[in-house]
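Quick caveat, the model's predicted, so the values are computed rather than measured. Side chains included, hydrogens not; waters and symmetry mates left out as well; all remaining heavy atoms used.
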Amino acid sequence: GQFFTTWSHDAHVCEPFRLPRNWRYWLAMDYGFTHYTVVHLFGQSDDGEVFVIDEHAERRWLVPRHAKAIRDMLSRNHIPIEWIRTFVAGADTFAAKGTTDATIADQYQEHGFALTQAQQDRIGGAANVLDYLGDPRAGVRPRLHIWPRCARLIETLPMLEHDPHRPEDVLKIDCDEEGNGGDDAYDSFRYGLMEAPRRGGAGFVKYA
């Protein structure tokens, strides 16, 4: 059955607004080539509310094209790259190689993005999503808000199901040959949301 039963489009999707300078901002990516590469832009307010601000999702693109699209995503949200605290990505980004001997992470480094390996705990990640979703119908206010630009994430979250072999985990699904479906947007989102509790102390990551 449905995993995130507390999901509510009305409660969790909010309209964009001018983003404050003093928020914490970061990026998260789930890498793919045949599958989607998905990148999400996150912001966190001083009171701990998390906002998924924007989304980049494309298949069969090479790193230079993704890197430009990520910079364009920051630009359209008026987020200077110097405001980005960290950029987390799945473990395969540090192992997979593209058109050269360099890993995908190495190639992003060449284009000005220093990636950090995301927390991979799937069960812990799913529990963290449930925590931030709250339960609007039961009066538990959500601490997570998603902007409409994150179309794949908004489409994906309500369709995810329990893994019948690991009920505390989300069932892994791949997109079809036409790019329909799949959980790549969820994985990027899960990686990014695991960064939200790390507040204060760390300085900005300076990108060239």
Side-chain angles (χ1 to χ4, degrees), residues 2-30 38-57 70 73-74 76-90 113 115-160 168-170 183-205:
Q2 182 183 3
F3 195 99
F4 298 112
T5 57
T6 54
W7 164 261
S8 165
H9 188 282
D10 290 342
H12 294 110
V13 179
C14 71
E15 289 303 310
F17 51 85
R18 184 178 180 85
L19 294 165
R21 166 69 177 84
N22 63 338
W23 277 18
R24 183 182 189 270
Y25 297 99
W26 69 100
L27 293 163
M29 176 171 67
D30 183 59
V38 182
V39 180
H40 286 111
L41 170 62
F42 287 79
Q44 186 176 27
S45 64
D46 289 340
D47 59 1
E49 301 286 303
V50 173
F51 294 78
V52 193
I53 298 163
D54 209 338
E55 176 182 82
H56 164 68
I70 295 165
M73 179 171 68
L74 295 175
R76 67 175 171 257
N77 290 286
H78 309 289
I79 303 293
I81 198 165
E82 292 80 12
W83 292 10
I84 299 298
R85 292 284 188 97
T86 190
F87 189 168
V88 297
F113 291 106
L115 304 184
T116 301
Q117 186 165 317
Q119 298 185 54
Q120 301 294 124
D121 179 6
R122 288 185 58 87
I123 291 176
N128 192 47
V129 172
L130 284 168
D131 182 41
Y132 272 91
L133 285 174
D135 191 346
R137 287 179 285 271
V140 181
R141 190 178 63 83
R143 293 178 292 129
L144 173 73
H145 316 278
I146 302 174
W147 284 18
R149 293 168 182 162
C150 304
R152 291 196 68 84
L153 178 59
I154 292 168
E155 177 186 13
T156 300
L157 279 175
M159 74 177 190
L160 295 173
E168 295 86 6
D169 193 7
V170 174
D183 61 0
D184 308 290
Y186 167 68
D187 284 340
S188 170
F189 164 68
R190 171 171 59 88
Y191 295 152
L193 194 59
M194 289 292 275
E195 296 300 304
R198 301 177 180 179
R199 302 178 60 200
F204 288 105
V205 175

Check: Ignoring hydrogens and geometry, is there a side-chain-to-backbone donor-acceptor pair from Ser188 to Ala28 under 3.5 Å?
Finding: yes
Checklist line | side chain to side chain donor-acceptor pair (under 3.5 Å) against Arg141, all qualifying residues, sequence neighbours excluded | finding: Glu49
Next item on the list: Check salt bridge (charged side-chain N to carboxylate O under 4.0 Å, His left out) between Arg122 and all other residues, then give those that pass, not counting sequence neighbours.
Entry: Asp169, Asp187
Next item on the list: Provide the closest heavy-atom pair for His40 versus Cys150 in the form atom of the first, atom of the second, distance.
Entry: CD2-SG, 4.3 Å
Next item on the list: With rounding to the nearest 0.5 Å, note down the distance linking CG in Asp183 to CG in Leu157.
Entry: 10.5 Å
Checklist line | Distance-minimising heavy-atom pair for Ala57 and Arg152 | finding: CB-CD, 3.5 Å
Check: So which heavy atom on Pro136 is nearest to which on His12, and how close?
Finding: CG-CE1, 3.9 Å
Item checked: Candidate list Val38, Leu41, Val39, test side chain to side chain contact (heavy atoms under 4.5 Å, CB included), partner Glu55, passing option -> Val38
Notebook entry, point to check: Got Arg143 and Asp131 here, is their nearest side-chain heavy-atom distance under 4.5 Å?
Noted result: yes
Item checked: Leu144 side, atom CG; Asn128 side, atom CG - distance, nearest 0.5 Å -> 9.5 Å
Margin query: Run the side-chain contact (heavy atoms from CB on, under 4.5 Å) test against Val140 and tell me which residues pass, sequence neighbours left out.
Written below: Asp135
Next item on the list: Could you list the residues that satisfy ring pair (Phe, Tyr, Trp, His ring centres under 6.0 Å) with Phe189, not counting sequence neighbours?
Entry: none
Notebook entry, point to check: What distance do Trp23 atom CH2 and Phe42 atom CZ have between them, rounded to the nearest 0.5 Å?
Noted result: 13.0 Å
Check: Can you tell me if Asp10 and Ser8 form a side-chain donor-acceptor pair at under 3.5 Å?
Finding: no
Item checked: Check: Gln44 side chain, Ala196 main-chain N or O, donor-acceptor pair, under 3.5 Å -> yes
Margin query: Under the rule for salt bridge (charged side-chain N to carboxylate O under 4.0 Å, His left out), what residues qualify as partners of Asp121, not counting sequence neighbours?
Written below: none
Margin query: How close do Glu15 and Pro148 get, counting heavy atoms only, and between which atoms?
Written below: OE2-CG, 4.1 Å
Checklist line | Side chain proximity check, Leu27 to Leu74, heavy atoms < 4.5 angstrom | finding: yes
Note to self: Can you list everything that forms a ring pair (Phe, Tyr, Trp, His ring centres under 6.0 Å) with His145? Sequence neighbours excluded, please.
What the structure shows: Phe51
Notebook entry, point to check: At their closest point, which heavy atom of Met73 faces which heavy atom of His56, and how far apart are they?
Noted result: SD-N, 3.9 Å
Check: Going by heavy atoms in the side chains, are Pro142 and Tyr132 under 4.5 Å from each other?
Finding: no
Notebook entry, point to check: Between Trp83 and Arg21, does a side-chain contact (heavy atoms from CB on, under 4.5 Å) hold up when you go through it step by step?
Noted result: CA-CA 8 Å; Trp83 292 10; Arg21 166 69 177 84; 2.6 Å; yes
Note to self: Is any side-chain heavy atom of Trp7 closer than 4.5 Å to one of Leu133?
What the structure shows: yes
Margin query: If you apply the rule side-chain contact (heavy atoms from CB on, under 4.5 Å), what do you find for Asn77 with Arg149, and how did you get there?
Written below: CA-CA 11 Å; Asn77 290 286; Arg149 293 168 182 162; 2.3 Å; yes
Item checked: Partner residues of Asn22 under the side chain to side chain donor-acceptor pair (under 3.5 Å) criterion, sequence neighbours left out -> Asp46
Check: Which value, rounded to the nearest 0.5 Å, describes the distance between Ile53 atom CD1 and Tyr25 atom OH?
Finding: 5.5 Å
Checklist line | Neighbour count above 12 (heavy atom, 6.0 Å) for Arg18 CZ | finding: no
Checklist line | Pairing residues for Tyr191 by the ring pair (Phe, Tyr, Trp, His ring centres under 6.0 Å) criterion, not counting sequence neighbours | finding: none
Notebook entry, point to check: What distance separates Ile84 CD1 from Glu82 CD, expressed to the nearest 0.5 Å?
Noted result: 9.5 Å
Check: CZ/Phe3 to CG/Leu160 distance, rounded to the nearest 0.5 angstrom?
Finding: 9.0 Å
